[in-house]
Amino acid sequence: MKQRIFSGAQPTGRLHLGNYLGALKNWVALQDEYDSIFCIVNLHALTLPQDPKTLRQKTLDLARVYLAAGVDPEKATIFIQSDVAAHAELTWVLACIARMGELERMTQFKDKAKGSAERAGVGLFSYPVLMASDILLYQTNLVPVGQDQKQHLELTRDLAERFNRDFGETFTIPEVYIPKAGARIKSLQDPTKKMSKSDENEAGAIFLDDDADTIAKKIKRAVTDSGTEITFDETRPAIHNLLTIYQLVTGKSEQECVENFSGKGYGQFKSELAEAVVEYLRPFQERISAYDDDALNAILKTGAEKARSIASV
Ligand code: AQP
């Protein structure tokens, strides 16, 4: 029997190259080998204020993104989280064994609460418990995610182990799958921060639907470090980030990338990088309009039925 993977993204905005290289690309690569479940985690999106109508549209748009990225509904189950009530039900059970202290340690909560835990929503605080239930409901073996989710995965494993110890073997203990390169694509404007959907400065992110001109402009304006060499040097995070993007979108080895830019300046590097990103996103952008709402809704309905039947076992 195939091992199972589960992952998801929030319909909180336009997906960016970080989401693609850190997560979606790996989902597509793994879907042949694994029984794959990809969820649109709209309940997670509720942890911050949302307009209901916009959220519904973004949820459907995200399904379109999954398909255009190459997730194959014939191979993988694609569904909307709120269509499977068991996610919320298991969350309550797990919340009763989770500890306040362990949730307080979650760095994403600290970041998103912006230093004011008193005013933050309880949903934002308990978000990792919902994520644990997403994963554990499906007896998931492997969870392909970006680096920012590693801490939540560790909590998921702790909760599963605690539950199994106290109430008998119930949940599979999931492993995390974090890619070697691309696990944390940084903002083009501030390489100390991750590229993020909710960054107020849109120039920091390359969105999957950005046109060629916008991509070229954003890369041209991307901050660089002092020094001139274009190498994978961790002490120069801006160039390291741009070169990592180049490596991932071209599929070249580290050595090939460095050789390609040996003796060239930042201007030349940025223009080759922009060209490579535009080419990389072209097939995705051509496919995105191929799915109308009816086709998407049919795929999501089938996906929800399948997910419900697995979750209820
Ligand atoms: N910068 C990133 N580099 C690599 N992977 C990333 N992911 C997110 N940002 C990067 C991975 O993308 C998947 C889906 O993410 P999400 O929708 O759950 O949202 P997030 O992790 O909270 O990322 P964002 O883009 O910053 O969204 P907002 O602004 O809404 O919080 C996950 O596997 C994530 O690790």
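Just follow the structure's listing: the first ligand is 1, and inside any ligand the first atom is 1.
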Whether D61 and R64 form a salt bridge (side-chain N of Lys/Arg under 4.0 Å from carboxylate O of Asp/Glu) is what I want to check. yes
Salt bridge R14-E202, side-chain N to carboxylate O under 4.0 Å: yes
Just by modelled atom types, is the L142 backbone N or O under 3.5 Å from a matching donor or acceptor in the T140 side chain? no
Within the 4.0 Å heavy-atom sphere of ligand 1, strictly under, residues: G8, A9, Q10, T12, H16, G18, N19, G22, A23, Q108, K112, V145, G146, D148, Q149, G182, A183, R184, I185, K194, M195, S196, K197, S198
Do Q31 and S36 meet the criterion of a side-chain donor-acceptor pair at a distance under 3.5 Å? no
Find out if a path of hydrophobic residues (ILVMFWY) with successive side-chain heavy-atom gaps under 4.5 Å connects I215 to V65. yes
Could you check if a side-chain atom of M106 sits within less than 4.5 angstrom of a side-chain atom of F125, using non-hydrogen atoms only? no
